[in-house]
Enquirer: 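Here it is, the structure in full.
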Amino acid sequence: MVTSLSLTKRIVILFAVAYPVILLPVLAITYRMTSDTAREGFVRQFEALLLGQTWELENLFSEVEADLKTLAMNPAVTDADDSLFTSFLEADPDTFTYRYTPEELAIISLFNAYRVTHPAVNSVYMGRANGTFVRSHERAAATAYDPRTRPWYLAALEYPGKLAHTAIYPSVTTRDLNVGTSLALSDPQGRLRGVLGMDVTLEDLSRRFESLSLPYGAWLELWDAEGRVAISPAADRVSQPARAGAPPGSPAAASAAEVLPGKVLCLYRRIPIPEGYLAVLIPGAAIGSLVNQSLAERAVIITATFLLGYASLFILLNRSLLKPLRAMSAHLRASADEGIPAPMRVPTSGELHELEVNYNRLVEMVELENEELRKIKFLVITSLSSLAQKRDNETGLHILRTQKYMDILATAYNQCFPARAADHARVRQMVLCAPLHDIGKVAIPDSILLKPGRLDSLEFEIMKMHTTYGRDAIEKAQVDLADQLFFSTALAIVYSHHERWDGKGYPEGLEGESIPLEARFMAIADVYDALVTERVYKKAMGHEEAVRIIREGRGSQFDPDVVDAFLVSERMFREVAVLYGDTLGHGQ
């Protein structure tokens, strides 16, 4: 007698047969889709990184170009007397002796001032048409040297009257690899006098790359125009072809992505200076790990769907409709909590998938808007600061000086006190926001702001209100924007830069480390600039006297550690005051 199988056993048998039959093809398809999705995700993420680093390099060399143009107009550089400079044409390193003329020492000092105040320039130099040569510091060895044969000189001759950039080239007396920016110098009749140049070394660029913390074990490389690796944390790749075959892409190719031997995903982007490519390499193991994790998660979902689907129609609806909706809702909540809309990655179908696609399109539009806002932020800060300074009889150079003082002081502080160092992002925000420190002065009456004499007690109380006015303006602007680091930095600088270490400052009488660090930096930068520049109520003070006053304020008006950082870097303060002074001679 044949006994009929129970429904439960039939369901178990049906599930046991159907589950592997359906699951295996689904997993195979899912694996392929997940691999493609993971790779696309890596490409999108690291393309943004490459674009950002490209902008960083463009900004770096834009600063070099600007300084080179300024230096080319200096009378010491345009002087036609070639006998002022040293010749290395037949120099013997065993017998050569430097014999600088006073004029050559002056131009060396000028070149060195530009070198030490620029965060990336390694050398400033000039080769003359008669073969003489002068630069910001002594050569490593006094070997025979003809500047007219060097890549930077030849590049300038190829583009007369225009800024020229070299490909990566080696130094003569050191192991440095350089990227040169140069400009041909001509007399009024158009005859060549020589070439002025500045170098950025690959060692400096390498340090910039190493400071980046990339996820998934990825690393950044610089390739030259021939497709050889110039900078890489993998020493065995340096000077080797970055990839098999010809250099990547044609001159019109902006970027590409491909898989290198060893299953390393490589994204590269063409850059103009130095001519070549920026590349980011992601180990295949990182991609495989994400794919396997996603595949395991999907396998669990499929299994759960089978189990729940056999139970009831409600479970099926829960899987196909309610669960995706919950996942989408959770994603939206997470995005709201973080304050940053992120692309949605939820298994969906039908109308829900269309909703997800449309949402992701909206996210892309928001990301583009945010990028534009970041560009506008710097313009707004500079414009507002200039507006406040015009009422206070300040010039645009005050904005530049305070930013450079803030950068120099923060860098020196981080070097002196590495355990308490401010991170790079915070320092960048400090430098960006420094010009806003006196924005509240736009609300101070002209009769007080422009008074040539000493303020009386009532006038001083009104003047002190500029910190509160500035704070109120920033707090109102903060209501609808989410860049908290920017606003907290700006607020601290604007509201607290007149607080004193001993608690006798204003507006709140904060004491010691209760004063925000950026405000402690701003206090010294602001006081130094006020001392060494002419104001409506006083004459400019000498640099040494300004240093003495700040030193005497150590532990009373100023943070002792910040004063120590200032004293370490005060020579650079002086160089900035001289190079960017409102009137020649200020800050001497």
Side-chain angles (χ1 to χ4, degrees), residues 59 63 117-119 374-414 421-442 466-467 469-471 473-475 477-478 483-499 505 507 515-533 535 546 550 557-559 561-563 565-566 569-570 572-577 579-582 587:
N59 290 336
E63 292 176 4
T117 56
H118 196 288
R374 281 191 288 273
K375 294 178 182 178
I376 292 171
K377 184 189 296 180
F378 179 76
L379 176 63
V380 171
I381 288 175
T382 304
S383 300
L384 290 176
S385 301
S386 297
L387 178 63
Q389 288 150 12
K390 285 184 181 298
R391 292 204 60 241
D392 202 11
N393 284 338
E394 286 290 350
T395 72
L397 291 176
H398 176 67
I399 296 175
L400 184 59
R401 288 195 304 270
T402 54
Q403 287 186 309
K404 287 187 176 291
Y405 293 151
M406 182 69 84
D407 194 11
I408 292 169
L409 192 56
T411 301
Y413 182 86
N414 286 351
D423 61 51
H424 180 66
R426 188 177 179 190
V427 171
R428 288 184 62 183
Q429 294 291 359
M430 291 180 191
V431 175
L432 180 64
C433 295
L436 290 173
H437 65 281
D438 278 339
I439 189 65
K441 285 186 178 180
V442 298
H466 78 273
T467 58
Y469 295 149
R471 178 203 62 185
I474 290 175
E475 286 182 341
Q478 188 178 3
D483 191 344
Q484 293 304 313
L485 177 58
F486 169 75
F487 278 110
S488 63
T489 303
L491 194 64
I493 287 176
V494 170
Y495 189 54
S496 302
H497 69 280
H498 283 294
E499 298 287 0
I515 305 171
L517 181 61
E518 43 270 79
R520 288 178 257 158
F521 288 166
M522 191 69 245
I524 288 183
D526 190 33
V527 168
Y528 177 82
D529 196 62
L531 291 175
V532 301
T533 56
R535 298 294 172 88
I550 292 175
Q557 183 174 357
F558 306 116
D559 180 346
D561 291 345
V562 180
V563 172
F566 167 77
S569 57
E570 52 94 1
M572 298 178 69
F573 272 67
R574 179 176 186 171
E575 297 293 347
V576 169
L579 290 174
Y580 302 98
D582 296 323

Enquirer: Who pairs with D407 by salt bridge (Lys or Arg N to Asp or Glu O under 4.0 Å), at least two apart in sequence or on another chain?
Expert: none
Enquirer: Which residues pass the side-chain contact (heavy atoms from CB on, under 4.5 Å) test with A421, sequence neighbours left out?
Expert: N414
Enquirer: Restricting to ring pair (Phe, Tyr, Trp, His ring centres under 6.0 Å), what partner residues turn up for F558, sequence neighbours left out?
Expert: none
Enquirer: Mind checking side-chain hydrogen bond (donor to acceptor under 3.5 Å, both in side chains) for E518 and listing every partner two or more places apart, or none if nothing turns up?
Expert: R426
Enquirer: Would you mind reporting whether T402 and D526 have side-chain heavy atoms less than 4.5 Å apart?
Expert: no
Enquirer: Return the set of residues passing ring pair (Phe, Tyr, Trp, His ring centres under 6.0 Å) with Y495 (not counting sequence neighbours), or none when no residue passes.
Expert: none
Enquirer: Given side chains that start at C-beta, do those of V563 and D559 come closer than 4.5 Å, heavy atoms only?
Expert: no
Enquirer: Can you list everything that forms a side-chain contact (heavy atoms from CB on, under 4.5 Å) with H118? Sequence neighbours excluded, please.
Expert: L60, E63, V64, D67, A120, V121
Enquirer: Looking only at heavy atoms, which two atoms of Y580 and R401 are closest? And how far apart?
Expert: O-NH1, 2.9 Å
Enquirer: Determine whether V532 and R574 make a side-chain contact, defined as any pair of heavy atoms from C-beta on separated by less than 4.5 Å.
Expert: no
Enquirer: Return the minimal non-hydrogen interatomic distance between I493 and M430, and the atom names on each side.
Expert: CD1-O, 3.9 Å
Enquirer: Going by side-chain contact (heavy atoms from CB on, under 4.5 Å), name the residues that satisfy it together with I515, two or more places apart in sequence or in a different chain.
Expert: E499, L510, A519, R520
Enquirer: Flag the pair P507 / H498 as yes when at least one side-chain heavy-atom distance between them is below 4.5 Å, and no otherwise.
Expert: no
Enquirer: With a 4.5 Å limit on heavy-atom distance, are the side chains of L409 and F573 in contact?
Expert: yes
Enquirer: Determine, stepwise, if the pair E570 / I550 fulfils side-chain contact (heavy atoms from CB on, under 4.5 Å).
Expert: CA-CA 11 Å; E570 52 94 1; I550 292 175; over 6 Å; no
Enquirer: Can you list the residues that meet the side-chain hydrogen bond (donor to acceptor under 3.5 Å, both in side chains) rule with Q557, with sequence neighbours excluded?
Expert: none
Enquirer: Does the side chain of Y413 come within less than 4.5 Å of L517's, by heavy atoms?
Expert: yes
Enquirer: Would you say T467 and V494 make side-chain contact, with heavy atoms under 4.5 Å?
Expert: no
Enquirer: Show the nearest heavy-atom pair for residues I408 and S569, with the distance to one decimal.
Expert: CG2-CB, 3.6 Å
Enquirer: Minimum heavy-atom separation for C433 to F486, with atom names?
Expert: SG-CE1, 3.5 Å
Enquirer: How many angstroms lie between atom CD of E475 and atom CZ of F487, to the nearest 0.5 angstrom?
Expert: 11.0 Å
Enquirer: Evaluate I439 against H466 for side-chain contact (heavy atoms from CB on, under 4.5 Å), listing each step before the verdict.
Expert: CA-CA 8 Å; I439 189 65; H466 78 273; over 6 Å; no
Enquirer: Is there a side-chain contact (heavy atoms from CB on, under 4.5 Å) between Y528 and F566 once you walk through the steps?
Expert: CA-CA 10 Å; Y528 177 82; F566 167 77; 3.9 Å; yes
Enquirer: Taking the side chain as everything from C-beta on, heavy atoms only, tell me whether T117 gets closer than 4.5 Å to K404.
Expert: no
